Amino acid sequence: MNNLSLGIMEVLGMSLGVGRHELREFFRGNESIMRLNYYPPCQNPELALGTGPHCDPTSLTILHQDHVGGLQVFLNHTWYSVAPNPNAFVINIGDTFMALSNGIYKSCLHRAIVNRERVRKSLAFFLCPAKDKVVKPPSVLLNKQNPRLYPDFTWPTLLHFTQTHYRADTKTLDAFSAWLPTTLQYPNH
Ligand SMILES: O=C(O)CCC(=O)C(=O)O
Ligand SMILES: [Fe+2]
């Protein structure tokens, strides 16, 4: 998974015009997380969600769904189901990569619904930068027309923010950018 995520970073780096090695290098020694989600059957699936709407605060998510299905993404005011395919991964951009690409790649709002009959499992690998890496876009992505959108930060600070101050949604990076200067002023915040 780690190798695959770094390979995807090479492709994303090439698509951004920053070259093949820069992002792979950035994620060297990464602090990635693997999570198994287990969704039991639910008597009232229309009243419950398996995972509520959120954007992943991490950099890149590689998600494996089993054959049951339940992942949905939000696009143009509509929730779309992502067809389950146990032979494929779903690749999701997270907020940290949105910041790293200076907003060129966008994180996407998604959720998981439950159903009445069947257990569902999904496996998610989240690529996250090493603790001390400062998240800032490569300089080739910045110019007068494309100024910095987000401040410098490190992954543990964003993780702390989303775990204790804010439920990750489409506005996480904006809320984080507003909150960050207050923590520098009051470090125990
Ligand atoms: O179970 C799923 O399909 C989605 C899970 C998810 O979004 C997450 O773990 O961040
Ligand atoms: Fe997610």
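Since we're looking at a predicted model, the values are computed, not measured. Counting convention: from 1, in listed order, for ligands and their atoms alike.
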Atoms of ligand 1 under 4.0 Å from any heavy atom of R120, numbered from 1 in the order shown, are 1 (O), 2 (C), 3 (O)
Strictly under 2.8 Å, is any N, O or S atom of H110 next to the Fe ion (ligand 2)?
yes
Indicate, as side chain, backbone, both or neither, the part of R111 found under 4.0 angstrom from ligand 1 when only non-hydrogen atoms are considered.
neither
Measure the acute angle between the ring planes of F161 and H165, then classify it against the limits of 30° and 60° as parallel, tilted or perpendicular.
parallel
Separation of D169 CG from R167 CZ (nearest 0.5 Å):
8.5 Å
Contact atoms of ligand 1, heavy-atom distance to F126 under 4.0 Å:
8 (C), 9 (O), 10 (O)
Contact partition for T61 relative to ligand 1, non-hydrogen atoms under 4.0 Å:
neither
Within a distance under 4.0 Å of any heavy atom of H110, pick out the atoms of ligand 1 and give their elements.
7 (O)
Among the N, O or S atoms of D56, the one nearest the Fe ion (ligand 2):
OD1
Candidate pair E46 and R116, rule salt bridge (charged side-chain N to carboxylate O under 4.0 Å, His left out), full reasoning
CA-CA 9 Å; E46 48 296 307; R116 203 168 265 113; 3.3 Å; yes
If the contact criterion is a heavy-atom separation under 4.0 Å, does H54 count as touching ligand 1?
yes
What do you reckon, is CZ of R148 surrounded by more than 12 foreign heavy atoms closer than 6.0 Å?
yes
Got an N/O contact under 3.5 Å between T51 and ligand 1?
no
Parallel, tilted or perpendicular: ring planes of F74 versus W79, cut at 30 and 60 degrees:
tilted
Before signing off on this row, confirm whether R35 and ligand 1 have an N or O atom pair separated by under 3.5 Å.
yes
Numbered atoms and elements of ligand 1 in range of L63, under 4.0 angstrom, heavy atoms:
3 (O)
Gap separating the CD1 atom of I62 from the CE atom of M1, nearest 0.5 angstrom:
5.5 Å
Is there a donor-acceptor contact under 3.5 Å linking the side chains of T78 and N76?
no
Should you measure from each heavy atom of L71, which atoms of ligand 1 turn up under 4.0 Å away?
3 (O), 4 (C)
With a 4.5 Å cut-off on side-chain heavy atoms, are T96 and L127 touching?
no
Classify the angle between the aromatic ring planes of F97 and Y105 as parallel (below 30°), tilted (30 to 60°) or perpendicular (above 60°).
tilted
Using a 4.0 Å cut-off to any heavy atom of Y39, which atoms of ligand 1 qualify?
1 (O), 2 (C), 4 (C), 5 (C)
